[in-house]
Amino acid sequence: MDKRQQRQALKTQILVAGGGITGVAAALAAARNGAQVILCQDRPVLGGNASSEIRMNISGSSAIGKVLETERRESGILEEIMLECSVRNPQRSASMLDLILYEKCRAEANLTLMLNTALVGAEVEEERIRSVHVVRESTQDDYDITADIFVDCTGDGRLGFEAGALYTTGREASYEYGEDSANENRDAYALGSSLLFTSRDMGRPMPFTPPVWARSFSEEDLKFRNHSTWEFGYWWVEFGGMLDTIKDNEFIRDELLAIMLGVWDHIKNSGNHPESANWALDWFGFVPGKRESRRFIGQHVLNQNDIQQAVDFADTIAYGGWSMDTHPPRGIDAKEEKPCHQPYTPYLYSIPLRSMISRNIKNLMFAGRNLSATHIAFSSIRVMGTCAVMGEGLGTFAAVALKHSLPLEQAWVNQAIVEEAQQQLLRQGAFLPGRKLETNRAKAASVAASSEQEQGRAEWVTDGHTRSAHGEKGVRPDLTEAGTHRWMSEPGDAAPWLELRWEQPVDVTSVSLVLDTGLHRWLTLCHLDSIQKLMQWGQPQEETLKEFKLLAEHEDGVTEIAHVRNNYQRLLHFRVDLKQLSRLRVEVIETNGLDHARVMEVVCE
């Protein structure tokens with residue numbers, strides 16, 4: 001037998017195919033919850049459309065307005081990554097995000113990372129995936145990987161396609177799901193792909209000679225496509241929506257290069273933008289940033305009405321809030337049309353677990369832009385911030401199901417298992433509309449503080465909510481309690497403290513603090529200066545506690561659990577063994593800039 005055909009056998013509990021933001025979040029969540037995970041990525045770097053190969057900023061629910069009463073930004077694993085990137089990457093290097101994602105995966109003992117590894121086949125028996133075939137060309141190795149649960153986060157749906165999972169493409173007709181934003185008739189068209197660039201002011205004239213195959217654009221051609229700044233390329237350099245975005249991907253890439261360089265030629269040489277004389281390209285992509293291809297058919301197909309009405313799904317596992325962002329399929333060639341239509345939904349909306357479960361393959365899950373959704377609903381859920389929380393929800397649920405030794409087809413219909421996963425998501429910092437953390441021994445304690453503001457009462461640190469919930473663009477009012485849901489000391493308090501006391505002492509094995517990290521702002525790696533001005537980038541968020549002590553009074557006396565310095569993260573876990581805990585105290589020494597202390601939630605278990 002040819003040595004190349006001698007496949008190596010690997011076994012795991014969860015196989016995640018696709019190392020974009022969705023797949024990374026899914027793999028990390030599953031591994032951190034005790035499951036053995038293999039993550040296969042067909043590229044040399046992680047991050048997908050957010051990676052250094054494509055460089056799209058991670059957008060999500062926080063895109064409405066500059067300052068929001070309702071805090072919409074995605075928390076959990078994505079927040080952890082973005083806070084890390086902000087502090088460690090003030091230079092806004094695209095490769096630094098690659099590194100941080102790589103480090104996060106390498107740090108998990110339960111996670112095996114396989115880069116440059118493409119999934120090319122699947123063996124299916126009785127509607128169940130038995131194994132997948134993956135190929136790593138960089139080492140000339142072939143593997144057969146068996147698992148209990150297979151997860152498709154490839155975007156294009158390669159794993160599910162190879163397994164024969166039901167899927168759809170194109171745009172549904174309005175009558176199919178009662179969507180008034182859909183077209184009258186179904187068609188095969190999709191959102192196109194894009195190529196981005198970055199450029200710099202070199203301080204001296206920088207001529208540009210386009211290749212002979214670059215396309216030409218006039219100012220009239222681009223009248224609906226703003227190109228007044230040049231440091232970061234344009235998402236509207238879009239093409240391929242009239243084609244097959246999988247089978248025609250190479251042709252789409254070639255045409256996008258011609259379009260992107262043609263747009264730059266217009267900026268440099270048309271005479272309409274003389275102030276660009278000193279600007280030069282310093283990077284441009286060769287990997288198309290793909291928006292749409294296959295969408296799987298799951299146990300529920302998420303649709304426009306679900307997200308507009310913010311349906312309260314019993315199995316909600318993630319949330320979204322981006323606009324229903326549809327583009328003309330002709331992309332940049334639709335010169336007489338605006339490049340997007342973006343009506344926002346009135347509330348953050350839920351994404352159900354059922355939309356991540358294959359309708360015909362029993363042990364297949366999926367998340368990201370291949371979610372079970374109509375084209376209209378997909379136009380909102382496809383952005384990477386939303387994909388990340390879908391991934392975290394999926395990975396957490398899969399690990400909980402395995403902990404109970406239940407096959408996937410039994411676990412997702414078991415409401416007790418679903419609710420356990422929901423509580424675990426809240427415990428690890430995620431947000432679910434209409435859900436609050438119930439399993440918290442801190443709720444039995446009385447809470448006091450050195451001082452408190454009227455809009456930041458100490459007792460709110462055990463109310464189960466970890467973000468503000470009010471304002472016109474927020475969580476559906478009947479699903480949550482309005483308020484800031486945090487303790488805020490008075491600005492003049494020189495030594496703020498927060499204290500929990502139990503009349504009946506409790507045994508505690510873990511203490512978690514949820515801190516304020518300014519979820520009302522954008523926080524994303526972006527090369528567009530106008531977006532960057534909306535953030536506190538390159539530094540910790542000013543609301544976050546920088547230095548504090550955590551003290552506990554229990555049967556053995558008073559113990560300093562931790563003295564935390566130089567903190568910039570939102571969620572901090574402390575493993576403890578406290579018998580008969582009667583008092584827990586947070587002594588704040590310094591914030592990262594704000595004139596008062598803030599704590600969102602205290603959790604004891």
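Values in this document were obtained by computation on a predicted structure and should not be read as measured data.
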So do the side chains of [X] and [Y] get within less than 4.5 Å of each other, counting heavy atoms only?
| X | Y | value |
| --- | --- | --- |
| Thr169 | Thr245 | no |
| Arg136 | Tyr143 | yes |
| Met390 | Thr386 | yes |
| Asp306 | His300 | yes |
| Val564 | Phe574 | yes |
| Gln423 | Leu437 | yes |
| Ser350 | Leu432 | no |
| Leu302 | Phe313 | yes |

Would a distance-only check, ignoring hydrogens and angles, find a side-chain to backbone donor-acceptor pair under 3.5 Å from [X] to [Y]?
| X | Y | result |
| --- | --- | --- |
| Asn49 | Met384 | no |
| Trp502 | Arg441 | yes |
| Asp180 | Gln304 | no |
| Thr466 | Met600 | no |
| Asp315 | Trp412 | no |
| Asp98 | Ser52 | yes |
| Ser468 | Gly483 | no |
| Gln569 | Leu83 | no |
| Glu176 | Ala173 | yes |
| Asp577 | Thr509 | no |

> Given Leu15, which of Val132, Asn363, Thr146, Asp152 fulfils the side chain to side chain contact (heavy atoms under 4.5 Å, CB included) condition?
Replying inline: Val132
>> Using the side chain to side chain contact (heavy atoms under 4.5 Å, CB included) definition, which of the options Leu115, Thr112, Ile14, Leu46 pairs with Leu39?
In response: Leu46
Heavy-atom closest pair, residues [X] and [Y]:
| X | Y | value |
| --- | --- | --- |
| Leu500 | Ala445 | CB-CB, 3.9 Å |
| Ile317 | Met356 | CG2-CE, 3.4 Å |
| Glu392 | Leu425 | O-CD2, 3.7 Å |
| Arg369 | Arg295 | O-CG, 4.1 Å |
| Cys387 | Thr22 | CB-OG1, 3.0 Å |
| Ala17 | Leu119 | CB-CD1, 4.1 Å |

> Counting only heavy atoms not in Tyr189, do more than 12 sit closer than 6.0 Å to its OH atom?
Replying inline: no
> Taking everything shown except Gln415 itself, do over 12 heavy atoms lie less than 6.0 Å from its CD?
Replying inline: yes
Looking at [atom1] of [X] and [atom2] of [Y], how far apart are the two atoms once the value is rounded to the nearest 0.5 Å?
| X | Y | atom1 | atom2 | value |
| --- | --- | --- | --- | --- |
| Tyr102 | Leu113 | OH | CG | 7.0 Å |
| Ile81 | Ile58 | CD1 | CD1 | 7.5 Å |
| Leu371 | Ser355 | CG | OG | 5.0 Å |
| Ser323 | Gln342 | OG | CD | 4.0 Å |
| Phe397 | Ile417 | CZ | CD1 | 7.5 Å |
| Leu28 | Thr396 | CG | OG1 | 10.0 Å |

Thinking salt bridges, do [X] and [Y] make one under a 4.0 Å N-O criterion?
| X | Y | value |
| --- | --- | --- |
| Arg130 | Glu123 | no |
| Asp312 | Arg435 | yes |
| Arg158 | Glu162 | yes |
| Glu409 | Arg128 | yes |
| Glu80 | Arg32 | yes |

>> Which residue is it: Arg486, His485, Lys436? I am looking for the one with a side-chain hydrogen bond (donor to acceptor under 3.5 Å, both in side chains) to Asp463.
In response: His485
> Stepwise, does the side chain to side chain contact (heavy atoms under 4.5 Å, CB included) test hold for Leu519 with Arg570?
Replying inline: CA-CA 10 Å; Leu519 294 184; Arg570 175 176 173 83; 3.6 Å; yes
> Hey, does the Lys NZ or Arg CZ of Arg294 hover above the aromatic six-ring of Phe161, less than 6.0 Å from the centre and inside 45° of the axis?
Replying inline: yes
Are [X] and [Y] close enough that a side-chain donor and a side-chain acceptor fall under 3.5 Å?
| X | Y | answer |
| --- | --- | --- |
| Ser512 | Arg427 | no |
| Glu172 | Asn303 | no |
| Glu84 | Tyr568 | yes |
| Ser51 | Arg43 | no |
| Ser293 | Asp156 | yes |
| Thr168 | Arg186 | yes |

> So Arg382 and Leu191, side chain to side chain contact (heavy atoms under 4.5 Å, CB included) or not? Walk me through it.
Replying inline: CA-CA 11 Å; Arg382 65 185 172 82; Leu191 301 183; 3.3 Å; yes
>> The test is side chain to side chain contact (heavy atoms under 4.5 Å, CB included); show your working for Glu292 and His375 and say whether it passes.
In response: CA-CA 9 Å; Glu292 184 174 10; His375 171 80; 2.9 Å; yes
>> Can you classify the ring geometry of Tyr319 versus Phe431 as parallel (below 30°), tilted (30 to 60°) or perpendicular (above 60°)?
In response: perpendicular
> Step by step, would you call Asn414 with Glu420 a side chain to side chain contact (heavy atoms under 4.5 Å, CB included)?
Replying inline: CA-CA 10 Å; Asn414 187 315; Glu420 181 179 339; over 6 Å; no
